[in-house]
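Let me begin by presenting the structure, written as structure tokens, before commenting on it.
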2 protein chains.
Amino acid sequence: MALHEPLLHGKDCGDCPIRHRAVCARCDTDELDQLEKMKFYRSFQAGQTVVWSGDRMDFVASVVSGIATLTQTMEDGRRQMVGLLLPSDFVGRPGRAVASYDVTAVSDLVMCCFRRKPFEDMMLGTPHVNQRLLEMTLDELDAAREWMLLLGRKTAREKIASLLAILARRDVALRQRARGGPLRFDLPLTREEMADYLGLTIETVSRQISALKRDGLIQLEGTRQVTVPDIRRLLEETGDDSDGGMVG
Amino acid sequence: MALHEPLLHGKDCGDCPIRHRAVCARCDTDELDQLEKMKFYRSFQAGQTVVWSGDRMDFVASVVSGIATLTQTMEDGRRQMVGLLLPSDFVGRPGRAVASYDVTAVSDLVMCCFRRKPFEDMMLGTPHVNQRLLEMTLDELDAAREWMLLLGRKTAREKIASLLAILARRDVALRQRARGGPLRFDLPLTREEMADYLGLTIETVSRQISALKRDGLIQLEGTRQVTVPDIRRLLEETGDDSDGGMVG
DNA sequence: CTTTCGCCTTGACGCAGATCAAATTCGGGA
DNA sequence: TCCCGAATTTGATCTGCGTCAAGGCGAAAG
């Protein structure tokens with residue numbers, strides 16, 4: 001019921017989930033009904049491919065739960081992740097019938113899909129969906145550019161620290177946990193996926209994680225659960241100058 | 001007069017330059033007059049900085065002529081180019097008052113600027129400007145992702161070949177030259193700028209260009225003018241599987 | 001309990017590209 | 001024309017990360 005919320009609401013409207021639509025000025029019942037009619041859900045298991053690059057793709061979608069990745073692959077198998085899709089992220093491109101990237105479910109995944117053609121038709125008449133989409137795309141572009149700096153100029157250690165910081169930040173946002181104390185979260189990605197994200201090999205990822213552990217910047221329980229005793233010290237390793245909103 | 005054309009017209013409308021607006025269904029005289037009122041031109045010399053990251057930026061703009069770059073810089077001076085702005089490209093982000101990147105003129109540059117606030121106000125009422133902007137942003141996002149693959153997974157030689165291919169493609173488009181024959185164009189970037197684009201050092205850029213020359217894939221007159229005797233052979237060095245529309 | 005199969009870690013070694021250090025060339029002004 | 005500073009090339013060397021090759025560990029199945 002609340003599942004196209006991320007698409008319909010911008011930052012201004014964050015406190016108005018769709019179930020309160022009767023009281024939200026930006027929620028037009030007509031549009032919601034239209035969206036309601038053209039939407040359908042699809043579920044995927046961890047590891048499953050949603051679409052292959054080059055496949056026909058007749059829908060656009062919003063991630064409801066779980067994590068997916070966008071990756072590009074070269075002929076010889078070299079792979080680069082170019083997008084990490086978290087709940088509320090948008091997938092697909094209005095006006096394009098063919099997927100440009102492989103979309104893969106990293107965890108169990110639910111997506112809320114809208115048939116592309118009717119969605120595009122509706123967009124013509126509903127400027128604020130359009131506007132919201134522009135806003136989201138600009139955010140993605142900023143993220144992509146941050147990522148380019150990471151890929152082009154950061155060391156392996158900085159790359160790992162940056163990724164951990166991103167995942168930690170996501171976890172903080174998710175749980176709305178108090179800032180400042182030690183931070184514990186699960187890595188949603190395998191070492192290989194981290195390597196594809198960072199433009200490294202599995203071995204280098206593993207070695208750098210071990211190094212951060214050795215240096216006391218993180219602790220590991222098993223292979224996935226990370227504890228960050230002092231987020232500031234980790235952030236110092238990222239090479240970024242800001243704290244990325246982690247320290248308040 | 002024809003200078004906000006790239007902003008107002010999508011691909012569908014390519015054959016309708018603004019000077020024919022009387023006959024173009026998508027050209028609304030009202031909007032054009034509005035844009036006309038809020039626009040102004042700014043010129044920059046090669047090397048001049050347009051805005052620094054973090055500066056207040058009260059306009060959005062469209063590149064009229066010349067080339068500009070978007071770059072990010074780390075505290076210790078490492079730099080990564082994250083955008084290459086060619087004529088018709090859009091600069092600035094509606095809804096954001098502060099620049100996220102350094103914008104620098106690489107050649108002499110003319111930009112057509114629109115004051116941000118009135119531009120945003122107008123966007124609310126003119127969905128097709130909004131839509132065009134979304135389209136352009138999605139194209140930029142695709143380009144950024146292509147670039148991420150280059151930065152994360154390509155070798156130095158592949159990076160150089162890819163950049164030359166991009167510049168060659170641009171030149172072909174610019175002059176609408178016949179495909180197939182030898183190709184000659186000027187590098188708009190210094191070796192340092194190429195290095196910042198590719199995530200390499202100046203020395204590696206220079207060495208790889210020398211290697212391509214030695215292997216007969218390119219010829220150089222002076223340091224800037226490149227001749228590509230056979231574009232196919234160059235494209236084979238990029239690591240990409242498609243010909244990128246260069247060979248017809 | 002043991003086996004098996006992914007996933008992860010660790011070690012040894014090699015190499016692509018970075019770094020440091022000179023030349024050399026180019027382009028613009030006197 | 002020559003001169004000068006900046007851009008580029010080239011060489012020598014170094015090093016961070018990739019590659020190759022064993023193991024280790026933990027979860028699920030037998």
Side-chain angles (χ1 to χ4, degrees), chain A residues 45-48 74 76-80 104 106-108 150-164 186-215 218-226 237 239, chain B residues 45-48 74 76-80 104 106-108 150-164 186-215 218-226 237 239:
Chain A
Q45 297 182 329
Q48 231 182 320
M74 295 171 69
D76 61 5
R78 280 176 281 174
R79 298 205 312 156
Q80 177 63 53
T104 312
V106 157
S107 63
D108 288 346
L150 177 148
L151 289 171
R153 295 303 189 189
K154 288 191 179 179
T155 65
R157 185 181 176 97
E158 289 170 338
K159 287 178 176 181
I160 295 287
S162 299
L163 177 53
L164 290 176
D186 278 356
L187 294 176
L189 304 176
T190 65
R191 298 293 186 265
E192 184 172 13
E193 286 155 351
M194 295 175 71
D196 286 343
Y197 187 114
L198 300 171
L200 296 172
T201 59
I202 301 180
E203 294 93 329
T204 299
V205 169
S206 179
R207 269 186 260 268
Q208 293 298 336
I209 289 179
S210 299
L212 290 177
K213 188 166 103 186
R214 189 180 333 110
D215 298 346
I218 60 173
Q219 289 146 25
L220 282 181
E221 264 119 320
T223 180
R224 292 296 193 92
Q225 192 175 52
V226 181
E237 299 291 329
Chain B
Q45 297 182 330
Q48 228 182 322
M74 295 171 69
D76 61 5
R78 281 177 282 175
R79 299 205 312 156
Q80 177 63 52
T104 312
V106 157
S107 63
D108 289 347
L150 177 147
L151 290 171
R153 295 303 189 188
K154 288 191 179 179
T155 65
R157 185 181 177 98
E158 288 169 339
K159 286 178 176 182
I160 296 287
S162 300
L163 176 54
L164 290 176
D186 277 356
L187 293 176
L189 304 177
T190 66
R191 297 295 186 264
E192 184 172 15
E193 287 155 352
M194 295 175 72
D196 285 343
Y197 186 114
L198 299 171
L200 297 171
T201 58
I202 301 181
E203 294 93 328
T204 299
V205 169
S206 180
R207 268 187 260 270
Q208 293 298 335
I209 288 179
S210 299
L212 290 177
K213 189 166 102 185
R214 189 178 336 109
D215 297 345
I218 60 172
Q219 290 148 25
L220 282 180
E221 264 120 319
T223 180
R224 292 297 192 93
Q225 191 175 53
V226 181
E237 299 292 329

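Within every chain, numbering begins at 1; the chains are lettered A, B, ... in the order of the sequence lines, protein sequences first and strands thereafter.
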> Going by number, which of residues 204-215 of chain A have a non-hydrogen atom under 4.0 Å from DNA chain D?
Replying inline: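 Heavy-atom contacts with DNA chain D come from A:T204, A:R207.
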> When you match A:G222 and A:T155 each to their closest nucleotide on DNA chain D, which lands nearer the 5' end?
Replying inline: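 Whichever sits nearer the 5' end wins; that is A:T155.
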> So, does the side chain of A:E203 form a donor-acceptor pair with the base of D:dC17 at under 3.5 Å?
Replying inline: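 No, no donor-acceptor pair under 3.5 Å.
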For [X] and [N], what is the distance between atoms [atom1] and [atom2] respectively, to the nearest whole Å?
| X | N | atom1 | atom2 | value |
| --- | --- | --- | --- | --- |
| B:E221 | D:dT8 | CD | P | 17 Å |
| A:R78 | C:dA16 | CZ | P | 13 Å |
| B:L198 | C:dG17 | CG | P | 12 Å |
| B:E192 | D:dG5 | CD | P | 20 Å |
| B:I202 | C:dC20 | CD1 | P | 13 Å |
| A:Q225 | D:dG26 | CD | P | 14 Å |
| B:I160 | C:dG17 | CD1 | C1' | 12 Å |
| B:L220 | C:dT24 | CG | C1' | 15 Å |

Using a heavy-atom cut-off of under 4.0 Å over every strand shown, decide if [X] touches base, sugar-phosphate, or nothing.
| X | answer |
| --- | --- |
| A:G47 | nothing |
| A:R224 | sugar-phosphate |
| A:R157 | nothing |

Heavy-atom side-chain contact between [X] and [Y] under 4.5 Å:
| X | Y | value |
| --- | --- | --- |
| B:R191 | B:T204 | no |
| B:Q48 | B:T104 | no |
| B:Q80 | B:L151 | yes |
| A:L164 | A:E237 | no |

> Is B:T201 near enough to C:dA18 that one of its side-chain N or O atoms lies under 4.0 angstrom from OP1 or OP2?
Replying inline: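 B:T201 to C:dA18 OP1/OP2: side-chain N or O found under 4.0 Å.
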> If each of A:R191 and A:R153 is mapped to the nucleotide of DNA chain C with the nearest heavy atom, which maps nearer the 5' terminus, i.e. the 5' end?
Replying inline: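 Per heavy-atom nearest nucleotide, the more 5' residue is A:R191.
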>> Could you measure the distance from the NZ atom of A:K154 to the CD1 atom of A:I160? Nearest 0.5 Å is fine.
In response: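 A:K154 atom NZ to A:I160 atom CD1 measures 11.5 Å (nearest 0.5 Å).
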> Around atom CD of A:Q45, are there more than 12 heavy atoms of other residues, nucleotides or ligands at under 6.0 Å?
Replying inline: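 Count not over threshold, so no.
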> Just by distance, do the side chain of A:S162 and the backbone of A:E158 share a donor-acceptor pair under 3.5 Å?
Replying inline: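 Confirmed, A:S162 side chain pairs with A:E158 backbone.
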> Of the nucleotides D:dT9, D:dC17, C:dC8, which has the atom closest to the B:T223 side chain?
Replying inline: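 For B:T223, the side-chain atoms sit closest to D:dT9.
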